[in-house]
Amino acid sequence: MVNILRMKIAQQAIMDIKNKVEAAGFKMSDLSRVAEINQAQISRWQNGITEPLYSTVVRLDEAANALVSARMTMLNKAMDEAVK
C-alpha cells in the first residue's frame, strides 16, 4: 500500500511539473534535455511503470523552473523593447 501511494505521489508531482512546463510553452523533450534525464524514463515514471527517486523529482522541478524563468526573461525583454 505504501509503495502504491508513493508511486501515485510521484506521478502527480511529474504531472504538475509537466503542466508547468507546457503552460510556459515547452515540451517534455525540452524538460528532459535541461534535466539531463532520458525522456523515455520520464514517460515510465508518468505511466507508473517505475518510481523516480525524490531527488530526481526535485531535479525535474528545478529544470522546469529554469525553463519557466528563461521564458519569463524573454517575455520581459520583449515587453521592454516594445515599450521603447
>> Using the rule side-chain contact (heavy atoms from CB on, under 4.5 Å), only one of Val21, Ile37, Asn65, Val34 pairs with Leu60; which is it?
In response: Ile37
> Does the side-chain contact (heavy atoms from CB on, under 4.5 Å) test come out yes or no for Glu62 and Val58, once each step is laid out?
Replying inline: CA-CA 6 Å; Glu62 289 172 348; Val58 169; 3.6 Å; yes
>> Whether the side chain of Arg59 engages the backbone of Glu36 through a donor-acceptor N/O pair (distance < 3.5 Å, no angle test) should be reported.
In response: yes
> Are Arg33 and Asp30 within salt-bridge range, i.e. N to O under 4.0 Å?
Replying inline: yes
> To the nearest 0.5 Å, how far apart are CG in Asn76 and CZ in Arg71?
Replying inline: 12.5 Å
>> Contact between Trp45 and Thr56 at the side-chain level, heavy atoms closer than 4.5 Å - yes or no?
In response: yes
>> Looking at every non-hydrogen atom in both residues, tell me the closest pair between Lys20 and Ala64 and how far apart they are.
In response: CD-CB, 4.2 Å
> Roughly how far, to the nearest 0.5 Å, is the NZ atom of Lys77 from the CG atom of Asp80?
Replying inline: 10.0 Å
> Got a salt bridge between Glu51 and Arg6, using NZ or NE/NH1/NH2 to carboxylate O under 4.0 Å?
Replying inline: yes
> How far does OG of Ser43 sit from CD1 of Ile49, to the nearest 0.5 angstrom?
Replying inline: 6.5 Å
>> Pair Lys18, Met28 - check side-chain contact (heavy atoms from CB on, under 4.5 Å), show working.
In response: CA-CA 7 Å; Lys18 177 183 179 189; Met28 288 302 283; 3.5 Å; yes
> So does Glu81 have more than 12 non-hydrogen atoms from other groups sitting under 6.0 Å from CD?
Replying inline: yes
> Which value, rounded to the nearest 0.5 Å, describes the distance between Ile14 atom CD1 and Asn47 atom CG?
Replying inline: 10.0 Å
>> For a quick test of reading the model, state the closest non-hydrogen atom pair linking Gly48 to Gln11 and the distance between them.
In response: N-NE2, 3.1 Å
>> I'd like to know if the side chain of Ser32 reaches the main chain of Ser29, judged simply by a donor and an acceptor atom lying under 3.5 Å from each other, with no hydrogens or angles considered.
In response: yes
> Could you give the distance from CG (Asn3) to NZ (Lys8), rounded to the nearest 0.5 Å?
Replying inline: 13.0 Å
> Between the side chains of Thr50 and Gln41, does any donor sit under 3.5 Å from an acceptor?
Replying inline: yes
> When rounded to the nearest 0.5 angstrom, what distance separates CE in Met15 from CD in Glu22?
Replying inline: 8.5 Å
